[in-house]
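By convention here, the first residue in the shown sequence is residue 1. All values below were derived from every heavy atom in this structure, side-chain atoms included, with hydrogens, water molecules and symmetry-related copies excluded.
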Amino acid sequence: MKYLYLIILLISISACEKTLDDAVIPYVEQLVIFSMVEAGSYDLEVNISKTLPVLGSSTEEDSYIHDVKAYITDGTNRWDLVYLFQNKYRATGFEGVAGKTYTIVAEWKGKKATAQTTIPPSDVINISSYYLIANNRDWVTYYLMGHCEGSSDYVYQTGQVNYDYYYSNRYFTLPRGKSVVQIDDFWGYVGDETYYLKVQITDIAYFDFLDNSNNGNDFDFFSIGGLNVDWNVQGDGIGMFVGRNYWQDTIHLGDLQVVNN
């Protein structure tokens, strides 16, 4: 009798199953735009591709399009984008200037997408009054802290510059305009070495990308990865066209006050 009940249960479960092989999920083909517009940058590269259907088998190559008509303008100058390969386009002759506002316009098969961003000036962030917090519970860990003043209109990401390589650390916003920020942490002894701090200043639209940047998605994640991020591309497109600048400082760790925690 117990086997009869088991057979009935299996039949009931099978009857509730529904295959999605023939399902139709609404899909609107859109342009995908991603580019970081930096102060001092030349010959800007822009990633332009298209979205792909949710169902079915797709590869990254399926998102590449080579015949997009696009340009960037600052209101006075115009730079046409030329196709390179894969999803890469280039605005030859472009030079990023801090404080300037740039607009990108892209058209493809009757679709039109636009986005606008301003490269932040470097003086919208200042970190002063550095000090170290020493945590002596299990092993000595030093936390590099700093009093940060800046604008709530931007996202800041701290990092260390070592042999021209940028080690990104943590990012933050300043809703109150001033905050104590943890910049880095060190294990063991902290001597008189010099610390080269580099702060990335980006448009607020970049916040969600930074929040999701460690999950293995590349810069074409709008086509393939499906992350839930906000974008500033409007019209028949998604993605981000974001201004970025850097602020730097040099810190001599041996000169800092150490506070025990």
Side-chain angles (χ1 to χ4, degrees), residues 24-98 100-120 155 200 202-210 212-213 215-245:
V24 176
I25 296 179
Y27 161 65
V28 178
E29 194 172 60
Q30 292 181 295
L31 289 167
V32 181
I33 298 173
F34 186 93
S35 185
M36 301 297 300
V37 191
E38 293 187 6
S41 60
Y42 296 93
D43 295 342
L44 181 68
E45 286 195 5
V46 181
N47 290 358
I48 305 179
S49 57
K50 67 176 182 178
T51 56
L52 298 173
V54 177
L55 298 179
S57 177
S58 299
T59 66
E60 183 176 355
E61 288 73 18
D62 295 328
S63 68
Y64 298 157
I65 46 180
H66 65 276
D67 52 350
V68 177
K69 304 297 181 183
Y71 64 90
I72 297 172
T73 179
D74 61 3
T76 302
N77 305 293
R78 168 174 167 153
W79 300 269
D80 292 326
L81 272 68
V82 177
Y83 178 73
L84 298 177
F85 60 92
Q86 295 181 346
N87 62 340
K88 307 294 184 183
Y89 288 75
R90 176 179 292 162
T92 302
F94 176 89
E95 180 180 356
V97 178
K100 272 199 172 184
T101 299
Y102 297 93
T103 301
I104 185 170
V105 179
E107 298 183 69
W108 179 73
K109 290 187 176 181
K111 303 178 187 297
K112 184 176 181 179
T114 63
Q116 188 175 85
T117 190
T118 300
I119 298 181
V155 173
Q200 177 185 155
T202 54
D203 189 290
I204 199 70
Y206 198 47
F207 181 83
D208 285 337
F209 175 76
L210 291 174
N212 291 281
S213 61
N215 58 11
N217 289 275
D218 60 18
F219 281 173
D220 201 37
F221 63 83
F222 290 106
S223 296
I224 305 297
L227 291 175
N228 292 320
V229 297
D230 292 328
W231 51 74
N232 65 342
V233 174
Q234 306 295 322
D236 301 316
I238 60 175
M240 286 186 290
F241 181 69
V242 177
R244 177 168 63 181
N245 203 350

- prompt: How many angstroms lie between CD1 in Ile72 and CG in Asn77, if you round to the nearest 0.5 Å?
  reply: 12.0 Å
field: Side-chain heavy-atom pair Met240, Thr117 within 4.5 angstrom cut-off
entry: no
query: If you look at every heavy atom in Arg244 and Ile119, which pair is closest and at what distance?
result: O-CG2, 3.6 Å
message: Working note: Ile104 + Val37, criterion side chain to side chain contact (heavy atoms under 4.5 Å, CB included); need CA distance, chi angles, decisive distance, verdict.
response: CA-CA 11 Å; Ile104 185 170; Val37 191; over 6 Å; no
- prompt: With side chains defined as the heavy atoms from C-beta onward, is the minimum distance between Arg90 and Asp43 less than 4.5 Å?
  reply: yes
- request: Heavy atoms only: give me the nearest Val233-Ile238 pair and the separation to one decimal.
  value: CB-C, 3.6 Å
field: Spacing of Asn232 atom CG and Thr114 atom OG1 [to the nearest 0.5 Å]
entry: 9.5 Å
Side chain to side chain contact (heavy atoms under 4.5 Å, CB included) assessment of Trp79 paired with Asp74: CA-CA 9 Å; Trp79 300 269; Asp74 61 3; 3.6 Å; yes
Reported CG-to-OH distance for the pair Asn47 and Tyr64, which is rounded to 0.5 angstrom: 9.0 Å
- prompt: Backbone N or O of Glu29 within a donor-acceptor pair of the Lys111 side chain at under 3.5 Å?
  reply: yes
query: Can you name the side-chain hydrogen bond (donor to acceptor under 3.5 Å, both in side chains) partners of Gln234, sequence neighbours left out?
result: none
query: In Å, rounded to the nearest 0.5 Å, how long is the span from CH2 of Trp108 to NE2 of His66?
result: 10.0 Å
Atom pair NZ (Lys112) and CD (Glu107), whose distance is rounded to the nearest 0.5 Å: 5.0 Å
query: Donor-acceptor pair, Tyr102 side chain versus Val97 backbone, under 3.5 Å?
result: yes
- prompt: Within the distance-only criterion (no hydrogens, no angle test), does the side chain of Asn245 pair as donor or acceptor with the backbone N or O of Pro120 below 3.5 angstrom?
  reply: yes
- prompt: Below 4.0 angstrom, N of the basic side chain to O of the carboxylate: do Lys88 and Glu45 qualify?
  reply: no
- prompt: Is there a donor-acceptor contact under 3.5 Å from the side chain of Ser63 to the main chain of Ser49?
  reply: no
- request: Determine, step by step, whether Tyr71 and Thr73 satisfy the side chain to side chain contact (heavy atoms under 4.5 Å, CB included) criterion, reporting the C-alpha distance in whole Å, the side-chain angles of both residues, the deciding distance to 0.1 Å, and the verdict.
  value: CA-CA 7 Å; Tyr71 64 90; Thr73 179; 4.1 Å; yes
statement: Closest non-hydrogen atoms of Leu44 and Phe241, given as atom of the first, atom of the second and distance, are CD2-CE1, 4.3 Å
message: Evaluate Ile48 against Leu81 for side chain to side chain contact (heavy atoms under 4.5 Å, CB included), listing each step before the verdict.
response: CA-CA 10 Å; Ile48 305 179; Leu81 272 68; 3.9 Å; yes
- prompt: Does the Asp236 side chain pair with the main chain of Leu31, one donor and one acceptor, at a distance under 3.5 Å?
  reply: no
- prompt: Rounded to the nearest 0.5 Å, how far does CG of Asp62 lie from CG of Leu52?
  reply: 6.0 Å
